[in-house]
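Take a look at the structure below.
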Amino acid sequence: MKRIVILISGRGSNMEAILEADLPGCQIAAVISNRPDAKGLVFARERGVPALALDHKMFADRAAFDQALAAQIDEYSPDLLVLAGYMRILSDDFVRHYVGRMMNIHPSLLPSFAGLHTHCRALEAGVKVHGATVHFVTPTLDAGPIVIQAIVPVSADDDETRLAAKVLEQEHKIYPQAIRWFVEGRLKVQGNTVTVTGLLEDAVSWSVPSLQN
Ligand code: GRF
């Protein structure tokens, strides 16, 4: 049984999707938030998952917080650490400690639009497709090996809210899928490339309607 710890900071809809997904061979050992008021903690507790907060404001600096967080996480001996809307920059020491066993979801088609406000920036850039990416975490922000991406079309009448909702719907599909592959031991990482063994199609989830004429 593979053990998973999920880190959140707020709403926790990706965490919810993971808790509700069919993920044989894995156990969500704990959900940890850096914000005590994170809504996602309530849902996790209702589902009987140990859910706790470690308030980053109670620590002198990032290094001290990350050290305490890692100690807390390691009490659950996770095989995989899942960042699901965890909104804090990670110290290099923290990343090194979990390298190869920590994933993140980012609401854009990386390497485009790393960082914040991705939907707004995508609209400003006039891109025709947008999406989400699950990737392994490396010390460079939003730059680790890509596991799976979902593509959504950008429509003329999309605003930031509509586009965010379309992308989020896809996030809820690709994150459980990435975790399923990890748990099945099917992800091989070579340099910046992830191969999914035994996969017939590419690790891309399309929600683009077929173009007519
Ligand atoms: C998601 O869009 C995720 O990609 C980004 O932050 C958002 C978190 O949403 N990293 P939720 O907390 O999972 O609902």
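Remember, it's 1-based here, ligands and their atoms both numbered in the order they're listed.
Those atoms of ligand 1 that come under 4.0 Å of a heavy atom in Gly85, given as number and element, are 6 (O), 8 (C), 10 (N). Within ligand 1, counting atoms from 1 as listed, the ones closer than 4.0 Å to a heavy atom of Arg11 are 9 (O), 11 (P), 12 (O), 14 (O).
By the 3.5 Å distance cut-off applied to N or O atoms, Ile105 is counted among the residues near ligand 1. The shortest N/O to N/O separation between Glu171 and ligand 1 falls below 3.5 Å.
Of all protein heavy atoms, the one lying nearest to atom 5 (C) of ligand 1 is Pro107 CD, 3.9 Å. Ranking the protein heavy atoms by distance from atom 12 (O) of ligand 1 puts Gly12 N, 2.8 Å first.
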Output, in order, the C-alpha distance, side-chain angles, deciding distance and verdict of side-chain contact (heavy atoms from CB on, under 4.5 Å) for Ile4 and Ile179. CA-CA 9 Å; Ile4 294 177; Ile179 292 168; 3.4 Å; yes
From CA spacing to verdict: side-chain contact (heavy atoms from CB on, under 4.5 Å), Val147, Leu187: CA-CA 8 Å; Val147 178; Leu187 300 180; 3.9 Å; yes
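Cluster membership check: Leu110 does not share its hydrophobic cluster with Val137, using side-chain heavy-atom separations under 4.5 Å among Ile, Leu, Val, Met, Phe, Trp and Tyr.
Close placement of the His119 and His130 rings is indicated, their centers lying within 6.0 Å of each other.
From Ser9, atom OG reaches atom CE of Met15 across 12.0 Å, with rounding to the nearest 0.5 Å.
Salt-bridge annotation for Glu20 and Arg47: present, with a side-chain N of the basic residue lying under 4.0 Å from a carboxylate O of the acidic one.
Selection from Gly10, Ser13, Ser108 by nearest heavy atom to atom 11 (P) of ligand 1 gives Ser13.
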